Protein chains: 2
Amino acid sequence: MRVTIQDIAKAASVTPSTVSRVIAGSPLISAKTSQKVRKVMREMDYHPNIIARSLVRRSTNIIGVLLPGASERVFQHPFFFELLRGITMQAQLCGYSILLSGAGSEEEERNRLHDFANGGVTEGAILMISRTDSTDWESVYPAQFPLAMVGRPADAWKDRINWVDSDNLEAGYRLAGHFLAKGRRHIAFVGLAPNIVVTKDRYEGYRKALGEAGLPFDERLVVDGQFMGGDERVLTEELLRCGVPFDGLIAADDFQALAAMDVLAKQGVRVPQDVSVAGFNNVPLSEYYRPPLTTVDVNACALGEEAVRLLYRQLQEKDRSGPSHTIVPTRLVVRASA
Amino acid sequence: MRVTIQDIAKAASVTPSTVSRVIAGSPLISAKTSQKVRKVMREMDYHPNIIARSLVRRSTNIIGVLLPGASERVFQHPFFFELLRGITMQAQLCGYSILLSGAGSEEEERNRLHDFANGGVTEGAILMISRTDSTDWESVYPAQFPLAMVGRPADAWKDRINWVDSDNLEAGYRLAGHFLAKGRRHIAFVGLAPNIVVTKDRYEGYRKALGEAGLPFDERLVVDGQFMGGDERVLTEELLRCGVPFDGLIAADDFQALAAMDVLAKQGVRVPQDVSVAGFNNVPLSEYYRPPLTTVDVNACALGEEAVRLLYRQLQEKDRSGPSHTIVPTRLVVRASA
DNA sequence: CTGAAAGCGCTTACAG
DNA sequence: CTGAAAGCGCTTACAG
């Protein structure tokens, strides 16, 4: 039913080889033949079958993207959408399509990744997983399947795989520095999730700034909490409950920071007069809140673009150079809250 | 390099036909042969080449998803991510993969859609376009390419294409009814974008409720505005500037409603005491705002799932039944703002 | 510059 | 129950 290269060949009185060459823009073909064939292709509304082409070329120009925890709340963070936007746009520029897979559980993640690596349709994959304890891709990496991770992997893998990340430590350091410059001396940190690298890095940066400023560190001002854990208010409530006074609050994520401002307001604490508050990620609504939230923009879109570039390079070079990584700069966005 | 069905056949001393049948789980194969072949497949870590299979089966089990305006702000609305989540999850359940394409401009949209329809890799596509004036897919539909739209298309196409939508008119009607029940009599509507069906529907519902309540309608209380236009504050500022007093404000989208609350607060107007405010879409932060926002949850995830189901049905039935549509119920979420 | 032939890795009637 | 053969729609050495 679909018109094939054979149909065109017949109609143009040439062979499939010639039609194929015309499509490929081969310089061997005479202008006359080329025009004749093109005309027929247009008239018959011919479109090459990409699947057939992929089979013979052993290349599909498709890369897989794995969305973690499709059924988890994490997934709903605007960060991921921005990231996906960057990936999609850059892939298009590189001539690649995106095959999107979601995974509800870690086991599913493993399975999808396995499909990516073994199905023969994706030539590489981008992973949005950044647990420190993640071993999902270990079983895939040895297979020489090109991979790029968003988020720095555990140290053991840092030099063995492509990855892209924000300089979260520096960002935490700079944000805390901003608090110090505003005269804050008792700065709390909420939302440290020990198994999520990004929150750890941000926390380390905060610690570093406090340390350099010679401030005593009170670990009661640090509240652990999962990224997108559900109700972010509890973190600040827990902080208040410990009774240690504070004049600054840095949250590992904007949602936690916004929830914090809500809790503080209910307690009659004024932001920023009594307590400065800031977060990370510059979520869309952070500028609409009252007061607008000071935050760090990690440029998720650029992270996505860089991940594609890294993967693209590996796909082109065919193992010529080893894996590498890219650090995408962050931007401190100072608003009224701190 | 990759192990093929031939390699397995050789190693198991059978023919490729037999291996293929084992993979397919054909009942013709003897248990003994089946076990032998399976063992070899496992030992050699064999995985079928999906591309080759697709070529002969003339079916890829891939559907395309077109993300509109990848470079526009609209794209950043959490609604789309939720939608995508629903699509991804349901597709997985139906045994389909998602090929994701973004488009910056309308021309690109057309091109991507063309690729979907003619490239031979996607068997159908889901479109997230709901301009009333959109003719993008007209050029595609005649080609009998299975399509499902998210958002009701223009009337001319309502019965000729699969689509899924929320009952936005009913939702607008119900929300306005809620305002009326609270004693509001001068209800403004901001964010009507005449070229976006959803905002029109919501507006119509609002009008209907006012009409049935026998309230005079003052068109100065209706402010046009694009969905995710950039600065949503201007809509409310424009409303205030017209000088007509109002005690209720319904926005076509939560972002506009949140911006409205911000503007009103700065003017010293109290929400909900002086003015009730509500929006649509139940964006993640709407519950964290002060006051928390009353809104309508359109269940974007379910919309995505239904879109896949519609498309799936058409792909299975092979033209046996015509296109159909699904209405996904909305849920009024009453919080403190109205 | 063009054609004939082989092959990419599968599946599926058709025989037996 | 299994095999031999043809074919899905392309591309690409190899000849000429």
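The sequence lines fix the lettering, A, B, ..., with proteins before strands; numbering per chain opens at 1. Below, all heavy atoms of this structure are taken into account, side chains as well, without hydrogens, waters or symmetry copies. Quick caveat, the model's predicted, so the values are computed rather than measured.
There is a side-chain donor-acceptor pair under 3.5 Å between Tyr96(A) and Glu123(A). Side-chain contact check for Ser324(B) and Arg313(B): at least one donor-acceptor pair (N or O, by modelled atom type) lies under 3.5 Å.
Using modelled atom types, no side-chain atom of Glu306(B) and backbone atom of Ile327(B) make a donor-acceptor pair closer than 3.5 Å. Looking only at distances, a side-chain donor or acceptor of Asn61(A) sits under 3.5 Å from a matching main-chain atom of Gly95(A). The main-chain N or O of Val121(B) is found under 3.5 Å from a side-chain atom of Thr60(B) such that the two form a donor-acceptor pair. With hydrogens and angles disregarded, a donor-acceptor distance shorter than 3.5 Å links the side chain of Thr122(B) to the backbone of Phe116(B). Remark: the backbone N or O of Leu100(A) is not paired with any side-chain donor or acceptor of Arg112(A) at under 3.5 angstrom. Asn162(B) contributes no side-chain N or O that, together with a main-chain N or O of Pro323(B), makes up a donor-acceptor pair within less than 3.5 Å.
Residues from residues 27-39 of chain A with heavy atoms under 4.0 angstrom of DNA chain D: there are none.
Ring geometry for His114(A) versus His47(B): interplanar angle over 60°, hence perpendicular rather than tilted (30 to 60°).
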Legend entry - 5'-to-3' dot-bracket of DNA chain D (Watson-Crick, G-U; under 3.5 angstrom; crossing pairs as [ ]; | other strand): |||.||||||||.|||

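A salt bridge is absent between Lys10(B) and Asp7(B); no separation between the charged side-chain nitrogens and carboxylate oxygens falls under 4.0 Å.
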Inset, instruction - Heavy atoms under 4.0 Å is the rule here; annotate nucleotides 9-16 of chain D 5' to 3' with B where the base is hit, S where only the sugar-phosphate is, and - elsewhere. - result: BBBBBB--

